[in-house]
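Written out below as structure tokens is the structure these notes cover.
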Amino acid sequence: MSDTPVFPDRLSLDPRSPHYDGDLLQKGVRINFNGSEKTNVEEYCLSEGWIKVAAGRSRDRNGNPMTLKLKGTVEPFFDDAGGVEAPTTDPASDS
């Protein structure tokens, strides 16, 4: 078995979408888009190479955020907070 995470081709944050996966989103999916991390991604598609991001604070008539589709390189990854340790100082080593 490989430790390489398998991401769906398409994933959405909207629970009404057929591409919504709550269990996967609970693991903390993050997106690198064209080499920089995006924090406002509403939906992505790996095969077509696009993301949808919120367009400011604007809303449509149903109260959903208006989105922009941006094309480029999409690289999903998990927020691995458990694997990254914050540097700590040991009070005993300061003497």
Side-chain angles (χ1 to χ4, degrees):
M1 295 227 144
S2 68
D3 291 336
T4 306
V6 177
F7 293 97
D9 180 50
R10 199 162 167 186
L11 185 63
S12 175
L13 293 180
D14 187 4
R16 296 171 296 171
S17 171
H19 305 291
Y20 176 78
D21 185 355
D23 295 333
L24 186 63
L25 291 172
Q26 287 294 324
K27 295 179 182 178
V29 176
R30 311 280 298 265
I31 301 295
N32 274 341
F33 180 70
N34 288 340
S36 64
E37 184 175 349
K38 295 289 186 183
T39 59
N40 59 345
V41 175
E42 298 286 328
E43 185 174 356
Y44 75 80
C45 182
L46 293 175
S47 63
E48 296 176 14
W50 55 259
I51 61 172
K52 287 186 180 180
V53 295
R57 293 176 44 189
S58 59
R59 301 282 177 171
D60 66 6
R61 66 179 124 194
N62 297 322
N64 300 318
M66 300 279 287
T67 58
L68 298 171
K69 185 187 277 188
L70 305 175
K71 295 188 176 223
T73 304
V74 180
E75 300 168 349
F77 64 97
F78 286 116
D79 181 20
D80 195 16
V84 177
E85 295 182 17
T88 59
T89 57
D90 186 14
S93 66
D94 289 338
S95 12

Spatial distance of atom [atom1] ([X]) from atom [atom2] ([Y]) [nearest 0.5 Å]:
X   : Y   : atom1 : atom2 : answer
K38 : E75 : NZ    : CD    : 13.0 Å
K69 : C45 : NZ    : SG    : 8.0 Å
N40 : I51 : CG    : CD1   : 7.0 Å

Are the side chain of D60 and the backbone N or O of G63 linked by a donor-acceptor pair below 3.5 Å? yes

Could you give the side-chain donor-acceptor pairs of residues 8-15 under 3.5 Å, partners two or more places apart or in another chain?
{"unit_1": "D9", "atom_1": "OD1", "unit_2": "S47", "atom_2": "N", "d": "2.7"}
{"unit_1": "D9", "atom_1": "OD1", "unit_2": "S47", "atom_2": "OG", "d": "3.1"}
{"unit_1": "D9", "atom_1": "OD2", "unit_2": "S47", "atom_2": "OG", "d": "3.0"}
{"unit_1": "R10", "atom_1": "NE", "unit_2": "E43", "atom_2": "OE2", "d": "2.9"}
{"unit_1": "R10", "atom_1": "NH2", "unit_2": "E43", "atom_2": "OE2", "d": "3.0"}
{"unit_1": "S12", "atom_1": "OG", "unit_2": "D14", "atom_2": "N", "d": "3.1"}
{"unit_1": "D14", "atom_1": "OD1", "unit_2": "R16", "atom_2": "N", "d": "3.2"}
{"unit_1": "D14", "atom_1": "OD1", "unit_2": "R16", "atom_2": "NE", "d": "3.3"}
{"unit_1": "D14", "atom_1": "OD2", "unit_2": "R16", "atom_2": "NH2", "d": "3.3"}

The criterion is side-chain contact (heavy atoms from CB on, under 4.5 Å); which residues satisfy it with N34, sequence neighbours excluded? T73

Pairs meeting criterion ring-ring contact (aromatic ring centres under 6.0 Å, His included) with involvement of residues 18-73, two or more places apart: none

Ignoring hydrogens, what is the shortest heavy-atom contact between G49 and V74? Give both atom names and the distance. C-CG2, 4.0 Å

Can you name the nearest heavy-atom pair linking F78 to R30, along with the distance? C-CG, 4.4 Å

